[in-house]
Amino acid sequence: MKVIIKDDKKTASVWAAHYIASKIKEKAARTDKPFVLGLPTGSTPIDTYAELIRMVKAGELSFRNVITFNMDEYVALPKSHPESYWSFMHRYLFDHIDIPAENVHILNGNAPDLAAECAAYEKAIVEAGGIDLFLGGVGEDGHIAFNEPFSSLNSRTRVITLTQDTLEVNSRFFDNDPNKVPEQAMTVGVATVLDSKEVLILVFGSKKQRALRDAVEGPMSHYCTLSGLQGHPAGTIVCDEAAVGELKVNSYRYFKAVEAVENL
Ligand code: GLP
C-alpha cells in the first residue's frame with residue numbers, strides 16, 4: 001500500500017484527478033476498450049470531481065469511452081431526492097462531463113428485488129471487463145463504500161443496515177435528524193472493490209485520523225473495512241496533513257520518503 005500525503009485537501013484532490021485522467025488516457029492510447037471507473041459519493045471527492053470537470057471543459061480529458069460504477073445508494077430513497085447518490089453524482093459530476101448516460105451505473109435502491117439488483121450489478125462489472133480503478137473515500141469508522149464494521153472482507157454487492165454512527169454522521173444531509181437518514185443502503189462489497197485492478201482512496205480531515213491509522217497500521221480486520229486494502233497489490237491512499245495525526249512518526253516519515261524518491 002502507498003500513502004501519499006499532500007499538504008491540504010485541495011492539492012490532494014487535484015493530484016487525484018490528474019492521476020485518474022492519466023490512467024484514462026494511458027488505456028485509451030493502447031486499446032479501444034472503455035476505461036472502467038468506480039466512483040464514490042460524499043464530501044471527500046467533490047474537489048476531485050471539480051478538477052475532472054475542469055479538464056473536460058478545457059478539452060484535456062474525455063469520458064466518452066469511460067464506464068462508471070458507483071459504490072452505493074440508499075435503499076428506498078426516491079432517485080429524485082436531492083440526497084440520493086444518483087442526484088449527488090449528477091449534480092457534482094455527470095451533468096458536467098461528456099459521459100454517455102448509458103455508461104453510468106448506480107445501484108437502484110428502489111428496485112423491486114434488491115438481491116437481484118445486487119447480483120446484476122456484480123455481473124455488469126464483470127461484463128464491462130472489471131474495474132480498472134476504484135476511487136473511494138472512507139467513513140469515520142473506517143468503512144469503505146457502505147461496508148460497515150463487521151462486513152466481511154470477502155463481501156459482495158448487497159443490502160446493508162447502517163450503523164447508528166453512520167446515521168448520525170450522514171444526518172448533516174437530512175436536516176441533522178438521524179431518523180430521516182435511510183436505515184439501509186446497497187453497497188458494493190469489500191471484495192468487489194478489491195477485485196479492481198487499482199484502488200485509490202481519498203482521506204481528508206482530522207475526523208478521519210482514526211480511520212486512516214486503523215486502515216494503514218492496524219490489522220486487516222472486518223472492524224475497519226478499509227484495512228482490506230492492505231491485501232491489494234495496487235492500493236493507494238491519498239490524504240492531507242490533517243488526516244495523519246494518528247499515524248506513527250516513523251510511518252509518516254517513510255511515506256514522505258517514498259513520495260520524494262518516487263516523485264509522486
Ligand atoms: C458515506 C459513503 C462513503 C463515503 C463516506 C464518507 O458513508 N457511503 O462512500 O466514503 O460517506 O463521506 P465524506 O466524504 O462526506 O466524509
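Counting starts at 1 for both ligands and their atoms, in listed order. Nothing fancy with the numbering, it's 1 onward along the sequence.
- Note on Lys6 versus Asp240: no salt bridge recorded, every NZ/NE/NH1/NH2 to OD/OE distance being 4.0 Å or above.
- Of the candidates Asn103, Val104, Ile53, Leu37, Phe63 forms a side chain to side chain contact (heavy atoms under 4.5 Å, CB included) with just one, namely Leu37.
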Short N or O contacts of ligand 1 with protein, under 3.5 Å, listed by atom name?
residue, atom, partner, partner atom, Å
ligand 1, 7 (O), His143, NE2, 2.7
ligand 1, 8 (N), Asp72, OD2, 2.7
ligand 1, 8 (N), Ala145, O, 3.2
ligand 1, 10 (O), Val138, N, 3.2
ligand 1, 14 (O), Ser43, N, 3.3
ligand 1, 14 (O), Thr44, N, 3.0
ligand 1, 14 (O), Thr44, OG1, 2.5
ligand 1, 15 (O), Ser43, N, 2.8
ligand 1, 15 (O), Ser43, OG, 2.7
ligand 1, 15 (O), Arg172, NH2, 2.7
ligand 1, 16 (O), Lys208, NZ, 2.7

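- Between Glu198 and Lys23 there is a salt bridge, since a side-chain N of the basic residue sits under 4.0 Å from a carboxylate O of the acidic one.
- Ion pairing between Lys79 and Glu73 fails under the 4.0 Å rule for side-chain N and carboxylate O.
- By the 30° and 60° cut-offs, the orientation of the rings of Phe150 relative to Tyr223 is tilted.
- Of the possible donor and acceptor atoms, one in the side chain of Tyr121 sits under 3.5 Å from a partner among the backbone N and O of His105.
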